[in-house]
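Computed from heavy atoms alone, side chains included, the values below leave out hydrogens, waters and symmetry copies. Reminder, nothing fancy here: chain letters follow the sequence lines and each chain counts from 1.
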Amino acid sequence: MVEKTVQEINQKIRDGSVHVVTAEEMTEIVETLGPKGAAKEVDVVTTGTFGAMCSSGAILNFGHADPPIKMQKVWLNDVEAYAGLAAVDAYIGATQLSESRGMEYGGGHVIEDLVAGKSVELRAIAYGTDCYPRRNIETSLTLSDVNQAVMINPRNAYQRYNVATNSSDRILHTYMGPLLPNLGNAIYSGSGALSPLFNDPTYATIGIGTRIFLCGAHGYIIGEGTQHDPTHNLGTLMVQGNLKEMSTDFVRGASLYKYGTTLYVGLSIPIPILNENIAKRTGIKDADISTNVLDYSVPRRSRPTLARVTYEELKSGGIVIGKKEIRTSSLSSLHKAREVAETLRERIKKGEFYLSEPVGKISTKTVFKPMRQTGGLPLVKDVMTDGIGTIKPDVSIEEAAKRIIKGGFNHLPVVSDDGRLVGIVTAWDISKAVAMKKRGKVEQIMTRKVIVVSPSDPIDIAARKLEQYNISALPVVDAKRKVIGIITSEDLSKLLAGGT
Amino acid sequence: MKMLLHFNPQIIKKPLIAEVVLETGVLVNINKATIDTAGGKLIINVPDKDAKKVIKSFKSRGVDVVTLEKPIIMIDEECVHCGACISVCPTNVFKYEADGSVSVDYKECIQCGACITACPHNALKLSE
């Protein structure tokens, strides 16, 4: 049985005899030598990830102005930073957008610009007090001008991530990037076998106080990350590191089209190989790591899972769902993740980075809860009109016109004999048919591709669909596509006006 | 070979593509066409061996021709090799190499622009 301590490994780093490999190299070593042999051979495994980590940001202390100001609101390059702490401290978050440039520039870019040594425009306002009389200030500063600049990221290093795809008939612009219609592509994130938390999924060596590589700096784990969900292999970490020691090789602002901005963070955790159990777990392969493919066309908290795939399949460039082969690509960078793991490996070899022993445990039991929502959300079924008239596709256009006039509504769902929705005709369709002197059956003029909602959908979903497709009503259908009502833009405006 | 054609508004009404095809006998593939008050802009693709005579034929009709060696430009300093461009490209211009980096197959690009919006790092632009 191999047993090593962190102190022994640090001694090896000091005397230059340490054996460090990346997590990808370790997979092969464990396969060849077995866990016992690997534990004897290897002292440290460096992991790596480089991807969009929206829950990131930095605390900056600007120093005091003269006369002094207690900043109430502060902007850096027109991106607002949170100033609700003391006088000249502010937290710049990665996803905050520029007030003048919108989605093309945000907090993530401000952080990158600071790390790059660029000058940043600061603007702040205040209400003025006896001790802080100043009411506004404008200045420009660089990273070397501020006192502390500490990156503090509430949620980094997601163990794995869900794969995003889209079964709807239109393109979706998401935080995972553009999802093409009809399962046109699938986008994943995470480095698989290089993933820091998959190399130590029991948190045997990773804990509070573990020294890590963060964007080029030597940072620390300060606790479990927000939304930490270890029992589903969706662990996360809260980390910190000195912005002044970072490099733009490992930290980049980014914008996701029609979504917003974020920060690409490069992070590596060294795993000390203290025994063969730890060695065994660092032997993990892409094929051992599964994740869910979710349909992002369902705009709800729980999106349907279409398949379960491994990182090996994802990295191969294509996955199969049903009979369809879907092209995959990554939002995070494997190339950069490798660079991160290799950079830390070299720093340890050269004696520039020593391992630390954690001072506290990361929970393996935390549960990730959904939001408690009071003030009930109105659902489509609460607002829709039920008991509405429908029509069969083989009825004449004239008859449809009569029914629309009699019923006093503009939309007539067209249903098959068993009550399933097959189309819709509107007063407009009928007027057009009359104007063009078209005679015949409803099925000749009906719209076949009908946008629908479910009775249990929140009305926000109905409102978004009405707006997105520029239509004025949505048939409400059950799981068997039977029409049970209709919801119109009038229903929704009445609700807003407090009419119902 | 891909080329970018600029038509000035004076010649925009003429069936120039058809004339060039008839004259040269080369099958011209149109990748993209836009027309507005400033004139027309077309991206076409022709076999490399026929490029010379097609260019000559267009030029004789007053069309400005620019050959596109690199229809899409990857800005190395910005690219982090994530691969967000890969699965949105309809003609498979981008792919991962064994080291995880993203490579570009320039000759397949039809300048649709899908990768430009997909790139989180502003690392791609169309050449003009």
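Contact detail for B/Ile86 and A/Thr328: the closest heavy-atom pair is CG2-O, 4.4 Å. Across all their heavy atoms, B/Val80 and A/Ser333 have their closest contact at O-OG, 2.6 Å.
Residue A/Ser255 touches chain B through both its backbone and its side chain, counting heavy-atom pairs closer than 4.5 Å. If you measure heavy-atom distances from B/Ala123 to chain A, you find no contacts under 4.5 Å at all. Neither the backbone nor the side chain of B/Asn122 comes within contact range of chain A, judged by heavy atoms closer than 4.5 Å. Proximity to chain A (any heavy atom under 4.5 Å) is shown, for B/Glu97, by neither the backbone nor the side chain. In this structure, no portion of B/Cys85 lies under 4.5 Å from any heavy atom of chain A. Using a 4.5 Å cut-off between heavy atoms, A/Ser332 contacts chain B through its backbone alone, with no side-chain atom that close.
Proximity of A/Tyr264 to B/Pro120: side-chain heavy atoms (C-beta onward) are separated by under 4.5 Å at one or more points.
More than 12 heavy atoms of other shown residues, nucleotides or ligands fall within 6.0 angstrom of atom CD in B/Glu19. Atom CG of B/Leu22 has more than 12 neighbouring heavy atoms from other residues, nucleotides or ligands inside a 6.0 Å radius. Annotation: B/Lys32, atom NZ; neighbour count of heavy atoms from other residues, nucleotides and ligands within 6.0 Å is above 12.
A distance of 9.0 Å separates CG in B/Asp99 from CG in A/Leu334, rounded to the nearest 0.5 Å. We find the CZ-NE2 distance between A/Arg338 and B/His81 to be 12.5 Å, quoted to the nearest 0.5 Å. Here OG of B/Ser101 is found 11.0 Å from CD of A/Glu339. Values are rounded to the nearest 0.5 Å.
Judged by distance alone, with hydrogens and angles left aside, the side-chain atoms of B/Thr117 form no donor-acceptor pair with the main-chain N or O of A/Tyr257 at under 3.5 Å. Between the side chain of A/Arg327 and the backbone N or O of B/Cys89 there is at least one donor-acceptor pair closer than 3.5 Å.
You'll find the ring centres of A/His335 and B/Tyr96 outside the 6.0 Å limit.
Between chain B and the residues A/Gly177, A/Ser330, A/Pro178, A/Ala254, the most heavy-atom pairs under 4.5 angstrom are made by A/Ser330.
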Working for side chain to side chain contact (heavy atoms under 4.5 Å, CB included), residues A/Ile187 and B/Ser87: CA-CA 8 Å; A/Ile187 300 179; B/Ser87 69; 4.1 Å; yes
Output side-chain donor-acceptor pairs under 3.5 Å for residues 48-58 of chain A, partner residues at least two apart or in another chain, one line each.
residue	atom	partner	partner atom	Å
A/Ser55	OG	A/Arg155	N	3.4
A/Ser56	OG	A/Met53	O	2.8
A/Ser56	OG	A/Asn156	ND2	3.2

